[in-house]
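The first residue of the sequence shown is numbered 1, and numbering continues consecutively from there.
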Amino acid sequence: METTVTEIGEQVLAALAAAGYAESTMREYREWIKRFEQLSRKQDGLYTVELGAVFASMTTSPRTGRFSNKRRKACGRLVRVLDSYVLTGLVDLSIMRTGGGKATPGPLPMS
C-alpha cells in the first residue's frame with residue numbers, strides 16, 4: 001500500500017478528532033506530522049516503515065543539540081500509529097500508550 005505521509009496524517013488526525021482527543025493533542029500531532037512531511041519529501045512524500053524508523057530515531061533537539069525524551073516519545077507514538085495504518089488500513093489508537101490510566105480507544109476504520 002503506497003501512500004504519502006500527508007494522506008496518513010490526515011487519517012490519523014481524523015481518528016483523533018473522532019475519538020474526542022483534546023485540541024492541544026491535535027495541535028501537537030499536526031506539528032509532528034508537519035515535521036515528518038518535511039523529512040518525507042526526500043522520498044517523494046511516500047511513507048515507508050524504514051522512513052518511520054528514521055523519524056522515530058530523531059531524538060536530538062535541533063535547537064539545543066541535546067537528547068529530548070519528549071521528542072522520543074512523541075515521534076515513537078506517531079510512527080507506531082502510522083505503521084499500524086500501513087499494515088492494517090486502520091488507524092489503531094490503542095497502540096498510543098497514553099498515560100493517566102485512561103482507557104484508550106480501539107481501531108477506527110477510515111476510508
Side-chain angles (χ1 to χ4, degrees):
M1 174 177 181
E2 254 188 36
T3 189
T4 66
V5 172
T6 304
E7 293 168 346
I8 300 173
E10 290 170 358
Q11 295 294 322
V12 168
L13 291 172
L16 290 171
Y21 277 76
E23 184 57 37
S24 59
T25 303
M26 301 283 292
R27 208 175 11 257
E28 187 175 322
Y29 272 86
R30 277 189 207 98
E31 180 61 33
W32 287 112
I33 290 168
K34 180 178 152 187
R35 291 177 187 181
F36 198 3
E37 287 170 347
Q38 292 170 348
L39 174 68
S40 72
R41 288 186 187 132
K42 297 174 185 174
Q43 293 188 0
D44 299 324
L46 294 177
Y47 181 82
T48 62
V49 175
E50 293 79 18
L51 183 64
V54 169
F55 184 72
S57 71
M58 299 173 84
T59 58
T60 304
S61 169
R63 185 175 55 84
T64 65
R66 299 178 72 190
F67 172 79
S68 169
N69 197 42
K70 180 181 177 184
R71 177 181 294 268
R72 180 186 67 84
K73 289 178 181 177
C75 291
R77 273 194 309 268
L78 178 60
V79 168
R80 283 191 300 276
V81 172
L82 297 178
D83 283 350
S84 75
Y85 181 81
V86 169
L87 295 172
T88 65
L90 300 172
V91 177
D92 186 0
L93 299 179
S94 67
I95 63 170
M96 288 179 47
R97 292 191 220 152
T98 59
K102 295 180 182 176
T104 55
L108 297 173
M110 302 303 290
S111 55

Item to complete: With ring-ring contact (aromatic ring centres under 6.0 Å, His included) as the test, would you mind laying out the steps for Y85 and Y47 before giving the verdict?
Response: CA-CA 11 Å; Y85 181 81; Y47 181 82; 9.3 Å; no
Worksheet item: Salt bridge between R30 and E10, side-chain N to carboxylate O under 4.0 Å?
Response: no
How far apart are the closest heavy atoms of [X] and [Y], and which atoms are they?
X   : Y   : result
L16 : M26 : CB-SD, 3.4 Å
M58 : L39 : SD-CD2, 3.9 Å
A19 : L93 : CB-CD1, 3.8 Å
S40 : V5  : CB-CG2, 3.5 Å
F55 : W32 : CZ-O, 3.7 Å

Practice prompt. In sequence, state the C-alpha distance, the side-chain angles, and the governing distance for R35 and E31, and then conclude on salt bridge (charged side-chain N to carboxylate O under 4.0 Å, His left out).
Written response: CA-CA 6 Å; R35 291 177 187 181; E31 180 61 33; 3.2 Å; yes
[atom1] of [X] to [atom2] of [Y]: how many Å apart, nearest 0.5 Å?
X   : Y   : atom1 : atom2 : answer
I8  : E37 : CD1   : CD    : 10.5 Å
C75 : K70 : SG    : NZ    : 11.0 Å
R71 : T60 : CZ    : OG1   : 8.0 Å
L87 : D83 : CG    : CG    : 6.0 Å
D92 : R80 : CG    : CZ    : 11.0 Å

Worksheet item: Same cluster or not: are V91 and V49 linked, directly or through other Ile, Leu, Val, Met, Phe, Trp or Tyr residues, by side-chain heavy atoms under 4.5 angstrom apart?
Response: no
Worksheet item: Quick one: do V54 and L46 end up in the same hydrophobic cluster if we chain Ile, Leu, Val, Met, Phe, Trp and Tyr together by side-chain heavy atoms under 4.5 Å apart?
Response: no
Discussion item. Apply side-chain contact (heavy atoms from CB on, under 4.5 Å) to residues L51 and T48 and explain how you reach the verdict.
Written reply: CA-CA 5 Å; L51 183 64; T48 62; 3.3 Å; yes
Fill in: side-chain contact (heavy atoms from CB on, under 4.5 Å) between R72 and R77, intermediate numbers included
CA-CA 9 Å; R72 180 186 67 84; R77 273 194 309 268; over 6 Å; no
Item to complete: Run the ring-centre check on Y21 versus Y29 and record whether the distance is less than 6.0 Å.
Response: no
